[in-house]
Amino acid sequence: MIGLKPMKVWLVVGTQPLYGPEIFAEVQSHSDEIAATLTAAGLAAEVVSRPICTSAEDAAATCAAADADPECGGVILWMHTFSPSKMWIRGLSRLRTPMLHLHTQFHRALPWDAIDMDYMNLHQSAHGDREAGFLHTRLRMGRKVVSGHWSDAGVQARIDAWMRAARAWHDWQGGVVVRFGDNMRQVGVTDGDRVGAEIAFGFTIDTYGVGDLAARMAEVPDRDVDALAEAYSESYDLAPALRPGGDRRDALLDAARQELGMSAFLRDRGAMALSHTFEDLHGLNQLPGLAPQRLMAEGYGFAGEGDWRTAALVRALKVMGHGLTGATSFMEDYTYDLTEGQEAVLGAHMLEVCPSIARDRPRMEVHPLGIGGKSDPVRLVFDARRGAALNASLVDLGGRFRLVVNEVEAIDHPDLPNLPVARTVWRCAPDFATATAAWIHAGGAHHTAFSHDVTTEMLDDFATIAGIEMCRIGAGTELDRFRQDLRVNEVYWHIAKGYAS
Ligand code: MN
């Protein structure tokens, strides 16, 4: 994964001196053991046991330190003993680092024969965490609450999902989205408030003239282009015309130069995502298709037509899914099969679908493209893997953002011998009519981030961290209820910030 910043998660355990300082060492040892166990479990981030908090000063200093540490991407809070919540007001009211409240207890089973008041006082998160939760709610803190014994696989899986969301948020902070050219003319959903997005999400959106890219491409040495073109044949089945001596070899060399130029351009700026537009290709010979496909496979976010927001979202989902199968791509709902009872969506784009979702070894082909007015672009063509997946769309509603998620199942489909682009076919949950109508009511875009790795839970955690609305469309979704939720949410999100102060 390109450009992944190191990130740790802190375990911050609260207690108080009411039962004597002699319990502090034991509380600390429990914190240390839980952190070590979670780290050893191979979750998405290392868990660091911090010095326990026994006072308001400790709590404030720990929260401030978490915000100040560039490697701290999340804080797990747990109140081992009763830790009066007013002592947390100063710290938590300023905390900006994502927070998970772990509602657990050190020992799994009660020692029924031996239990005494010392045991009761030490192991009282049953009410200590309720006291903490009240304050978190009183402060209107967005957080995840995970309940259960800390050694349970299910508990650890929920923590892992949150860590993945926190890692994507951490990645966005200071991230750079590079746009070559502007938004596709007259398209609404791919545009939006860039200042609002930078305030809300922490990344920057930097637009460059495509001529800047052309200049960088021209600096790439021919030998590097030749070497990359050679390497392509190790990973893909090249169409005969693209092989050495083939009559379209020039197109492949040009595509390789685009990839090297783009890659260098992004690296020079520490970028995490990119977009381009077929309406602005001055100085380029072909619409870049292969380059975005391969850059996505390296971990860059990408979206077409100047869609900086989906590009950033694809990057976020790639970071969330890092270490899993890697199958995440830019996607577009392209065309439908409306055969009654087996309605399906064919997802694709003009060229740019990430080979991380490919079922088999991709083919490298060159075909004409009706738009853009340039020469035929090289692209990877493949069928995609099957199985559970989701589409996510981040839309700008004016003044706030909404994340729309649809759970889908990628399915088998007949051969597509005449379709010269990578594609995947899926069924929507709960059903085609409900899912597509709900998506349209929610204002979801035609561009999405598509992933086999990322779950609705991760995206829910991500939206919570970002402080934005998430609308889930999946099993159990009913259209009437969904529409009513949209209406109610519209009110809630407009006043939520006011309530929090
Ligand atoms: Mn598009």
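Whatever order the structure lists ligands and atoms in, that order sets their numbers, starting from 1. Bear in mind that the values here come from a model prediction, so they are computed numbers and not experimental data.
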Opening angle at the Mn ion (ligand 1) [NE2, H447; NE2, H349; to 10 degrees]: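 That angle is 100°.
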is_close_aromatic(H276, F278), centroid dist under 6.0 Å: no
Salt-bridge contact R400-E490 (side-chain N to carboxylate O under 4.0 Å): yes
F203 six-ring centre to R315 NZ/CZ under 6.0 Å and within 45° of normal: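 No, cation not above the ring by the 6.0 Å, 45° rule.
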Considering only N, O or S atoms of E305, the one closest to the Mn ion (ligand 1): OE1
Residue E332 atom name (nearest to the Mn ion (ligand 1); N/O/S):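 Among the N, O or S atoms of E332, the one closest to the Mn ion (ligand 1) is OE1.
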E478 atom CD, neighbour heavy-atom count above 12 within 6.0 Å: no
